[in-house]
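Below, each value reflects all heavy atoms present in this structure, side chains not excepted, and no hydrogens, waters or symmetry copies.
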Amino acid sequence: MQITDIRIRVVSNESKMKAVASVTFDDSFVVHDIKVIEGERGFFIAMPSKKTHGDEYRDIAHPINAEMRNLLQEAIVERFKQALDELPDED
């Protein structure tokens, strides 16, 4: 399975969430609402989730192993940084 497209929507607020990503796999399957979060050790991703009846959050879609999570995180964070560079300067 290959990542064939990553679309980033930069969030312009002061929260820890910096962007939302949509990732397309093999030009045939897309996962929306992957969050880019700024943590103490840098940027990381949070998978789309929903709130359960017990007020807990469960991922709707997520990588099965660490290798895929790392590949996905690196690709999304790299594309996020490119998107930041593409933003117009605020003067």
Side-chain angles (χ1 to χ4, degrees):
M1 183 181 316
Q2 299 293 317
I3 296 171
T4 52
D5 189 32
I6 299 175
R7 296 182 187 225
I8 298 288
R9 183 171 45 91
V10 176
V11 178
S12 60
N13 63 28
E14 298 299 319
S15 73
K16 291 184 179 194
M17 186 174 77
K18 300 301 179 186
V20 178
S22 293
V23 179
T24 304
F25 298 91
D26 294 335
D27 288 322
S28 60
F29 185 80
V30 66
V31 177
H32 296 290
D33 296 332
I34 301 172
K35 298 166 198 70
V36 178
I37 309 291
E38 185 173 23
E40 291 179 12
R41 291 182 273 162
F43 296 107
F44 65 93
I45 61 170
M47 299 305 293
S49 62
K50 68 177 181 176
K51 196 172 189 178
T52 66
H53 294 293
D55 290 337
E56 295 181 44
Y57 286 89
R58 283 184 63 100
D59 288 347
I60 294 169
H62 60 88
I64 298 296
N65 57 49
E67 179 182 8
M68 183 61 184
R69 174 170 276 285
N70 290 336
L71 182 127
L72 190 58
Q73 182 163 288
E74 288 173 7
I76 292 171
V77 169
E78 179 180 325
R79 181 64 189 99
F80 165 67
K81 289 177 179 177
Q82 290 172 355
L84 287 179
D85 290 341
E86 295 166 1
L87 288 176
D89 290 334
E90 292 182 20
D91 289 334

K35 to P48 - nearest heavy-atom pair and separation
NZ-CA, 4.3 Å
Connected-component partners of L87 among ILVMFWY, side-chain separation under 4.5 Å
M1, I3, I6, I8, V10, V23, F25, F29, V31, I34, V36, F43, I45, M47, M68, L71, L72, I76, V77, F80, L84
Donor-acceptor pairs are to be reported for all side-chain atoms of residues 52-63 against protein atoms at under 3.5 Å, with residues two or more places apart or in another chain.
residue: T52; atom: OG1; partner: G54; partner atom: N; Å: 3.3
residue: T52; atom: OG1; partner: E56; partner atom: N; Å: 3.3
residue: T52; atom: OG1; partner: E56; partner atom: O; Å: 3.2

Side chain to side chain donor-acceptor pair (under 3.5 Å) with N65: which residues, sequence neighbours excluded?
none
The reported gap from CD in Q2 to CG in D27 (rounded to nearest 0.5 angstrom) is 10.5 Å
Once rounded to the nearest 0.5 Å, what's the spacing between atom CD of E38 and atom NZ of K18?
5.0 Å
Any Lys/Arg nitrogen of E86 or R79 sitting under 4.0 Å from an Asp/Glu carboxylate oxygen of the other?
yes
